Amino acid sequence: MNKVNPRTELLSSAPIPKTLLAMGLPTMLGMMINALYNLADAYFVGGLGTSRMGAISVAYPLGQVIVGLGLLFGNGAASVIARALGRGDREWAGQAASTAVYGGLAVGGAAIALALLFLEPMLRLLGATDSILPYALRYASIYVAGSLFNVFNVTMNSVVTSEGAAKTSMAAMAIGAVLNMALDPVFIFVLKMDVAGAAMATALSQLVSSLIYLRYIFCGKSLLSFSARQCRFNGKMLAEILTIGVPTLVFQLLTSLAISLTNAQAVPYGDSVIAGMGAVNRVTSLGTLMVFGFIKGFQPIAGYSYGAGNGKRMREATRTAVLWTTAFCAALGLVLMAFPEGVISLFTRGDRAMIHAGARALRANGLSILTFGFYTVYSSLFLALGKAKEGLFLGVCRQGLCFIPMICLLPALWGLEGVLYAQPVADGLAALIAGLMAARLSRQLKKGEMA
């Protein structure tokens with residue numbers, strides 16, 4: 001008699017609340033800790049001055065674009081792996097995992113080389129002023145080079161979670177994050193490396209996370225194999241991975257573009273506003289990354305149930321995920337609206353202009369984040385089901401179709417207020433669109449249209 005693997009049993013038959021907690025909580029906690037070390041960078045660098053805080057703000061989206069290449073392969077493969085395991089095809093799942101890891105490293109390495117070659121003009125394009133640029137160059141040259149480790153990490157995070165080993169992903173992220181928070185003050189202040197120290201601490205921490213994933217691979221703990229011989233860079237495999245991965249990459253690119261456009265629109269108002277918006281992005285990312293982490297646990301459940309033809313289980317998982325993420329976002333939003341000045345003041349030595357601008361933006365974002373859980377569950381669900389067109393459309397809504405017109409139009413009509421409130425307005429529009437698409441999907445599923 002074949003022994004049932006406990007990970008497969010968790011995805012296939014365990015109660016939904018138990019499965020969501022077992023799959024989603026570790027990745028949520030891991031992403032929370034990951035977000036905390038981004039906040040730690042901002043906290044320690046903010047103590048060095050407004051221009052240095054502005055430097056890490058303008059460099060941040062560049063690193064996120066590179067990480068998006070890992071998400072391109074990782075999230076795409078995760079959907080393939082979950083559905084393949086659901087129908088019992090472990091060989092195809094292993095081939096998808098190997099293709100994702102090696103493909104992500106190759107494409108990520110090429111992108112990093114290109115970014116380093118044109119680093120200064122890219123930073124200018126991302127909103128670096130003359131006073132910010134020298135610090136941005138010092139920080140980004142290390143931060144971008146070290147992003148290769150992060151490309152590997154985010155790819156492995158998706159792959160490992162898709163096979164039910166969410167605790168391994170949490171451990172890799174958590175250990176790297178705690179190490180980063182410990183190394184930041186050492187490199188920045190003790191070794192007097194200034195902003196370069198923050199980048200070095202991040203790169204070394206990401207290396208340690210990579211080593212944890214490598215141990216997972218080479219110690220044979222995975223259900224899958226990660227051999228170069230199993231890579232399948234053919235039309236069928238790449239079509240399956242990229243069909244789901246491209247919407248994720250587009251979402252990541254649009255997120256980076258949104259930050260860049262915000263920085264560019266803030267330039268006329270000075271370094272303080274750029275730094276303030278950078279602090280807002282870091283703080284709100286704490287909540288959004290935790291939601292994304294939880295959804296990484298939800299996606300394999302939805303994909304596995306879809307692959308197994310179990311629509312009832314998939315719908316139950318979706319309803320529970322929406323309820324839990326909305327409750328979390330509501331609590332976070334209330335905190336941000338209640339204490340915006342205190343939160344932003346953590347990232348400056350007393351720049352009142354930065355605190356004023358950042359607090360106003362944070363209060364508005366606290367309101368708009370209430371809808372983020374609902375939006376993210378459904379944008380992820382379409383991808384988990386292999387519905388790439390719907391997933392792509394919904395994925396580009398928030399930071400693309402909704403945000404780009406707002407950040408271009410509102411500052412022209414409303415000045416600084418338009419810069420501060422463009423994201424909340426876009427969030428409201430995106431949530432409305434997600435609601436309409438969710439209603440349509442629900443009608444399809446009730447009719448049994450699972451394909």
Side-chain angles (χ1 to χ4, degrees), residues 34 38 59-78 80-81 94-123 125-126 136-160 169 172-173 176 180 196 198-218 222 224-234 237-242 244-253 255-257 260:
N34 191 56
N38 283 330
Y60 182 71
L62 184 57
Q64 294 307 293
V65 169
I66 296 168
V67 168
L69 298 173
L71 292 172
L72 166 68
F73 286 93
N75 277 19
V80 176
I81 292 166
Q95 291 171 357
S98 299
T99 303
V101 170
Y102 290 98
L105 286 173
V107 175
I112 287 170
L114 189 65
L116 291 174
L117 188 62
F118 298 101
L119 189 57
E120 182 172 344
M122 283 185 175
L123 291 172
L125 188 63
L126 293 171
L137 285 169
R138 267 184 259 165
Y139 178 82
S141 59
I142 301 171
Y143 174 64
V144 171
S147 293
L148 185 62
F149 301 126
N150 214 13
V151 169
F152 175 74
N153 293 341
V154 298
T155 304
M156 284 298 299
N157 176 275
S158 297
V159 170
V160 170
S169 292
M173 289 185 290
N180 186 87
M200 183 63 71
T202 298
L204 289 176
S205 302
Q206 289 169 354
L207 170 60
V208 170
S209 295
S210 297
L211 294 175
I212 293 171
Y213 282 123
L214 288 173
R215 181 178 180 274
Y216 178 80
I217 292 173
F218 291 119
S222 175
L224 311 172
S225 57
F226 296 86
S227 167
R229 292 191 300 272
Q230 280 204 304
C231 289
R232 296 292 184 269
F233 292 106
N234 54 43
M237 177 62 76
L238 290 177
E240 281 216 42
I241 292 176
L242 298 181
I244 304 304
V246 165
T248 305
L249 175 62
V250 170
F251 174 82
Q252 189 77 0
L253 293 175
T255 299
S256 298
L257 178 61
S260 302

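These numbers were taken from a predicted model, which means no experiment stands behind them. What's counted below: heavy atoms across the whole structure, side chains too, no hydrogens, waters or symmetry copies.
- For Arg232, the side-chain contact (heavy atoms from CB on, under 4.5 Å) test picks out Gln95, Thr99, Asn234, Met237, with sequence neighbours left out.
- Note that CG of Leu211 and CZ of Phe152 are 9.0 Å apart. Values are rounded to the nearest 0.5 Å.
- Between the side chain of Ser98 and the main chain of Ala228, no donor-acceptor pair closer than 3.5 Å is present.
- For the atom pair CG (Asn150) and OG1 (Thr155), the distance works out to 9.5 Å, reported to the nearest 0.5 Å.
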Could you list the donor-acceptor pairs under 3.5 angstrom formed between side-chain atoms of residues 102-122 and any protein atom two or more places apart in sequence or on another chain?
from: Tyr102; atom 1: OH; to: Phe226; atom 2: O; distance (Å): 3.3

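- Rounding to the nearest 0.5 Å gives a distance of 9.5 Å between CG of Leu126 and CG of Leu257.
- Distance CG/Leu249 to CG/Leu71: 8.0 Å, rounded to 0.5 Å.
- Distance check: Gln206 CD to Leu148 CG gives 10.0 Å after rounding to the nearest 0.5 Å.
- Tyr143 pairs by the ring-ring contact (aromatic ring centres under 6.0 Å, His included) definition with Tyr139, not counting sequence neighbours.
- The minimum heavy-atom distance between Val159 and Ala97, with the atom names listed, is CG1-CB, 3.8 Å.
- Of the inter-residue distances, the one linking Ser260 atom OG with Leu123 atom CG reads 10.0 Å to the nearest 0.5 angstrom.
- Partners of Ala78 according to the side-chain contact (heavy atoms from CB on, under 4.5 Å) rule, which considers only residues two or more places apart in sequence or in another chain, are Ser158, Ser162.
- Considering every non-hydrogen atom in both Gly146 and Ala203, the closest pair reads CA-CB, 4.1 Å.
- Nearest approach of Ile81 to Ala96, heavy atoms of both residues: CG1-CB, 4.1 Å.
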Criterion side-chain contact (heavy atoms from CB on, under 4.5 Å) on Ser169 and Tyr213, from CA distance to verdict: CA-CA 8 Å; Ser169 292; Tyr213 282 123; 3.7 Å; yes

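- The side-chain contact (heavy atoms from CB on, under 4.5 Å) search around Leu125 returns none, not counting sequence neighbours.
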Only pairs under 3.5 Å count here: list side-chain donor-acceptor contacts from residues 62-69, not counting sequence neighbours, and write none if there are none.
from: Gln64; atom 1: OE1; to: Gln252; atom 2: NE2; distance (Å): 3.2

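- In terms of heavy atoms, Leu242 sits closest to Leu72 at CD2-CD1, 3.8 Å.
- Contact between Ser256 and Pro61 at its shortest, heavy atoms only, is OG-O, 3.1 Å.
- Checking side-chain atoms of Asn153 against main-chain N and O of Ser210 turns up a donor-acceptor pair under 3.5 Å.
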